[in-house]
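Okay, so here's the structure we're looking at.
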Amino acid sequence: MTDTPTIQSLILAAGLGTRMRSQTIKVLHDILGQPMIGHVVDAALASGSRRVISILGHQRQQVRAWLDEQPYAEQLAYAFQDEQEGTAHAVWSARQYFEDGPDYTAILCGDVPNMDGQTLDAFFQAAIESKKVVSLVTARLDDPSRYGRIIRGESGHVEAIVEYADATDEQRAIDEINAGIYLVRTDFLADALRTIMERPADNAQGEYYLTDLIALGAREGGVFGWTVDDPRKIQGVNTRVDLAAATEFARRRINERWMLDGVTFIDPKATTVETTVELGQDIVLYPGVHLAGTTSIGSGTTVESGCVVRDSAVGEEVTVRSHCYLQQARVDRGTALGPFAHLRPGSDIGKNCKVGNFVEVKKTRLDDGAKASHLTYLGDAHVGEGANVGAGTITCNYDGQNKSRTQIGAGAFIGSNTALVAPVTVGECAYVGAGSVITDDLPPRSLGIARGRQRTIEGWADEE
Ligand code: UD1
Ligand code: MG
């Protein structure tokens, strides 16, 4: 063995996860914006695995399609388990990676999403130092429920794991459980698996148990049991109740990190910040805010209740009032949005702008200081610096077949209840009278009015 031992990781992810009661395989269920298996791969890579092998079965195309799109795809490899005959059988289907493999093989479960890279690394270091052939993560639980139980001998050494289904009442009373996370000398793993696979799977579930590795290891060089500091890190997800608990823990961990970095959460339990989001300092997040995907928020920005911000870049000192929905939008410093603003993909809002209530924006640039304060649709448009778009303005960008652009010049003033029938240009500092349907371009500094003239009939009501 070399001085720094090399490690590869296997992720068990072939099972359907029947208890999820879902059309979607368990490991593709989402926790804070990425499927469970993504969290497990992240941890494996962060703890120094040179290669991560996912063992897939059910819905393998879907799982692979997601993994192959990730930036780390080159470090991934796959093994396939057609019939799910147990966790040892799953690992056995990856045996081609044991020949000339790294010194150690870590075995992780695709349904244990909260084991982070740092904790996993601490386990690997302790395991390697122990010089045992097998090491495993254990936890002590108030409610050990259906986890496998750790059997320790009189000297305190781990001797075996007994699955809940096979355990006696006395064994079920043990509160130390198997987390399903192992680090095994690769040469030992190859031999021990052959032993497990060659004998009948005579246990309560009729499956080849990976947990039998422990009794074999105990006989050959010993087993190292490493107890995790926080059992929530190793919580397995088998049902949607577990999924909610795992999400809750992940959310709390992310939010606490941001709080220590200077972000105020008025109610951290009610605010979701996905793993891929970037935040500045002195941001205030109200309850019910969901920041998703590649979103970034600049320092000094406030996001009020009920806002969803997805894959968007919001600058510094922005005020996002309640119930705004932003997707693939960009918002520059000092701008105020909402309440109830909808920024669709391609919205690009400059500095110190105002996009007020019930304003929808799509593929539109607002230059600095432009305002659309009320009840407006701006699609495929460019609004120049300081222009004022009055209440109820609509860019008529779609004729049933084609989308056309609207240009509003800097300093222009669009009166309320105007329809701008695109393609159309309103020149710089031009005015549009309220209630107009503008179909022709307006030169700079002109006034366009396009509406029926008012007729006033005196004494109309007198005859009644
Ligand atoms: C397993 C352990 C148990 C441990 C628990 C921790 C065994 C026999 N038991 O039980 O000791 O306390 O994890 O969470 O290992 N899988 C496959 N192919 C299979 C079977 C399972 O890929 O043939 C995958 C599943 O998709 C899942 C993982 O292995 O991601 C664990 O399987 P699961 O059925 O959830 O095992 P547990 O009953 O939780
Ligand atoms: Mg499980």
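For ligands, and for the atoms within them, numbers begin at 1 and follow the listed sequence.
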Residue part near ligand 1, for A88, under 4.0 Å between non-hydrogen atoms: neither
Region of E163 that comes within reach of ligand 1 [heavy atoms, distance under 4.0 Å]: side chain
Donor-acceptor pairs under 3.5 Å, side chain of residues 324-332 to any protein atom, not counting sequence neighbours: which ones?
| from | atom 1 | to | atom 2 | distance (Å) |
| --- | --- | --- | --- | --- |
| R330 | NE | D348 | OD1 | 3.0 |
| R330 | NH2 | D348 | OD1 | 3.1 |

Please check whether [X] reaches ligand 1 - meaning an N/O of the residue sits under 3.5 Å from an N/O of the ligand, judged on distance alone.
| X | answer |
| --- | --- |
| Q81 | yes |
| L12 | yes |
| T87 | yes |
| I55 | no |

Give the atom numbers and elements of ligand 1 that come within less than 4.0 Å of a heavy atom of [X].
| X | result |
| --- | --- |
| A90 | 17 (C), 18 (N), 22 (O) |
| T211 | 7 (C), 8 (C), 9 (N), 11 (O), 15 (O) |
| K26 | 35 (O) |

Quick one: which of [options] has a heavy atom closest to [atom]?
| atom | options | value |
| --- | --- | --- |
| atom 35 (O) of ligand 1 | I214, D111, I25, I107 | D111 |
| atom 4 (C) of ligand 1 | D212, V237, N178, N238 | N178 |
| atom 19 (C) of ligand 1 | A14, G15, G236, G86 | G86 |

Mark the output for [X] as yes if a heavy-atom distance to ligand 1 is under 4.0 Å, and as no if none is.
| X | result |
| --- | --- |
| I177 | no |
| Q205 | no |
| H89 | no |

Is it true that the side chains of [X] and [Y] contain a donor and an acceptor less than 3.5 Å apart?
| X | Y | result |
| --- | --- | --- |
| T395 | T406 | no |
| H39 | D116 | no |
| T376 | T393 | no |

Interatomic distance, Q205 atom CD to T87 atom OG1 [nearest 0.5 angstrom]: 9.0 Å
Atom pair CG/SG of D380 and C396 - distance to nearest 0.5 Å: 12.0 Å
Any cation-pi pair here, [X] with [Y], using under 6.0 Å and within 45°?
| X | Y | answer |
| --- | --- | --- |
| R60 | Y78 | no |
| K132 | F224 | no |
| R51 | Y97 | no |

Show me the side-chain donor-acceptor pairs of residues 298-306 shorter than 3.5 Å, one per line, residues at least two apart or across chains.
| from | atom 1 | to | atom 2 | distance (Å) |
| --- | --- | --- | --- | --- |
| S299 | OG | Q281 | N | 2.9 |
| T301 | OG1 | G298 | O | 3.4 |
| T301 | OG1 | G315 | O | 2.7 |
| T301 | OG1 | E317 | N | 3.2 |
| T301 | OG1 | V318 | N | 2.9 |
| E304 | OE1 | S322 | N | 3.2 |
| E304 | OE1 | S322 | OG | 3.4 |
| S305 | OG | P287 | O | 3.4 |

